[in-house]
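Beneath this line is the structure, given in structure tokens, with notes to follow.
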Amino acid sequence: MVFDLVRDTVDFADGVRFDREYVRHTGAVAVLAVDAEDRVLLIRQYRHPVGHELWEIPAGLLDLDGEAPQVAAARELVEETGWEPASLRTLVDLRPSPGGNDEVIRVYLAEGVRASDEEFERTDEEAELLHRWVPLGEAVDAVLEGRLTNGTAVAALLALQTLRARGRETASLRPADAPFMARPGRD
């Protein structure tokens, strides 16, 4: 299972106690890959809860015991796109819906990507997955025009655009092995 529905009783303050239900999630990683031409790698994938194919960035669950998040991110990039990173940096951390679940997502920036020799058989919703290199500016325009709506991709693209607008180098980002966000009852 990707998630569980749990109920906690919260002792919030003196005399204030309440129950909260939320989704307990394994956590996830995502990768914004950028090539030498300043294009970003997007994938189009069917998402059943919304009933649409969405343009996104490669992502996956932190569901393999002992696998470091940056290793999971590099694996997901190869599995979903056939591209592997020469380097990864931590771009942005997200809590996409903290009112209803405890999911945390770390988005990595991948640079120096190259075609991988590994091949994977894609199944289920990944069977028809498409990928495309898109100029960063066009991807940001798609966000601002409401054509690209996946929250993780939106955050990643706008974070990279902000980094560029401020004249900062990607080397100023946190390393790939920076401490991951704490989750209640897990860390």
Side-chain angles (χ1 to χ4, degrees), residues 1-13 16-33 40-77 79-81 88-110 122-129 139-140 142-144 146-162 173-187:
M1 293 297 293
V2 172
F3 61 84
D4 293 310
L5 183 61
V6 296
R7 176 181 288 159
D8 289 342
T9 298
V10 181
D11 290 316
F12 188 69
V16 179
R17 185 177 200 187
F18 51 86
D19 291 335
R20 286 293 179 263
E21 293 176 342
Y22 61 96
V23 173
R24 182 166 290 248
H25 195 281
T26 63
V29 291
V31 182
L32 180 60
V40 295
L41 185 57
L42 299 178
I43 62 172
R44 190 178 77 191
Q45 185 170 2
Y46 175 73
R47 294 299 187 181
H48 187 71
V50 298
H52 293 283
E53 289 181 331
L54 300 177
W55 284 101
E56 309 179 340
I57 58 176
L61 299 173
L62 290 172
D63 57 355
L64 296 180
D65 285 339
E67 184 178 44
Q70 67 273 19
V71 173
R75 176 180 52 77
E76 289 291 344
L77 180 62
E79 287 177 2
E80 293 186 357
T81 70
L88 291 172
R89 305 283 301 179
T90 298
L91 180 61
V92 66
D93 291 331
L94 309 170
R95 296 183 192 276
S97 188
N101 73 57
D102 71 349
E103 181 182 19
V104 294
I105 302 173
R106 167 152 297 164
V107 181
Y108 293 92
L109 179 66
R122 295 186 187 105
T123 61
D124 302 321
E125 69 272 6
E126 292 182 351
E128 298 298 317
L129 190 142
V140 170
V143 167
L144 298 175
R147 295 182 287 117
L148 195 155
T149 60
N150 173 277
T152 305
V154 167
L157 291 164
L158 296 181
L160 181 58
Q161 182 72 5
T162 300
L173 294 171
R174 291 172 288 157
D177 62 353
F180 205 77
M181 291 184 289
R183 292 179 287 168
R186 307 231 191 142
D187 300 319

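What you are looking at is a predicted structure, and each value in this text was computed from that prediction instead of being measured. What's counted below: heavy atoms across the whole structure, side chains too, no hydrogens, waters or symmetry copies.
Contact check for Pro96 versus Ile105: side-chain heavy atoms found under the 4.5 Å cut-off. Residues Val154 and Thr149 fail the side-chain proximity criterion, which asks for heavy atoms closer than 4.5 Å.
The 12-atom threshold is exceeded at CZ of Phe18, counting heavy atoms of other residues, nucleotides or ligands nearer than 6.0 Å.
Of the possible polar contacts, none joining the Tyr108 side chain to the Val29 backbone as a donor-acceptor pair under 3.5 Å is found. Under a 3.5 Å cut-off, the side chain of Asn150 and the backbone N or O of Trp55 do not form any donor-acceptor pair. Remark: side-chain polar atoms of Glu80 are paired, donor with acceptor, to backbone N or O of Ala59 under 3.5 angstrom.
A distance of 9.0 Å separates CG in Leu91 from CG in Leu157, rounded to the nearest 0.5 Å. To the nearest 0.5 Å, atom CD1 of residue Ile57 and atom CD of residue Glu76 are 11.5 Å apart. His52 contributes atom NE2, which lies 9.0 Å from atom OH of Tyr46 (distance to the nearest 0.5 angstrom). Residue Asn101 holds its CG atom at 13.5 Å from CD of Glu21, rounded to the nearest 0.5 Å. The distance from atom CG of Leu109 to atom CZ of Arg89, rounded to the nearest 0.5 Å, is 9.5 Å. Note that CD of Glu53 and CG of Leu129 are 9.0 Å apart. Values are rounded to the nearest 0.5 Å.
In this structure, Ala156 and Leu32 approach most closely via the heavy-atom pair O-CD2, 3.6 Å. Closest approach of Ala28 and Phe180 over heavy atoms only: O-CZ, 4.0 Å. Shortest non-hydrogen contact noted between Leu62 and Pro69 is CD2-CA, 3.9 Å. Nearest approach of Leu88 to Ala110, heavy atoms of both residues: CD2-CB, 3.6 Å. The two residues Val92 and Ala159 come nearest to each other via the heavy atoms CB-CB, 4.4 Å. Shown here for Tyr22 and Leu5, the closest heavy-atom pair between the two residues is O-CD1, 3.4 Å.
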Problem - side-chain contact (heavy atoms from CB on, under 4.5 Å) between Asp102 and Val6, intermediate numbers included - result: CA-CA 11 Å; Asp102 71 349; Val6 296; over 6 Å; no
Exercise for the section: List the steps, then state whether side-chain contact (heavy atoms from CB on, under 4.5 Å) holds for Thr81 with Val31. Expected result: CA-CA 11 Å; Thr81 70; Val31 182; over 6 Å; no
Exercise for the section: Go through the steps for Arg75 and Leu64 under the test side-chain contact (heavy atoms from CB on, under 4.5 Å), then give the verdict. Expected result: CA-CA 11 Å; Arg75 176 180 52 77; Leu64 296 180; 3.7 Å; yes
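Residues forming a salt bridge (charged side-chain N to carboxylate O under 4.0 Å, His left out) with Asp65 (at least two apart in sequence, or on another chain): none. Residues satisfying the side chain to side chain contact (heavy atoms under 4.5 Å, CB included) criterion with Asp93, sequence neighbours excluded, are Thr90, Arg106, Arg174, Met181.
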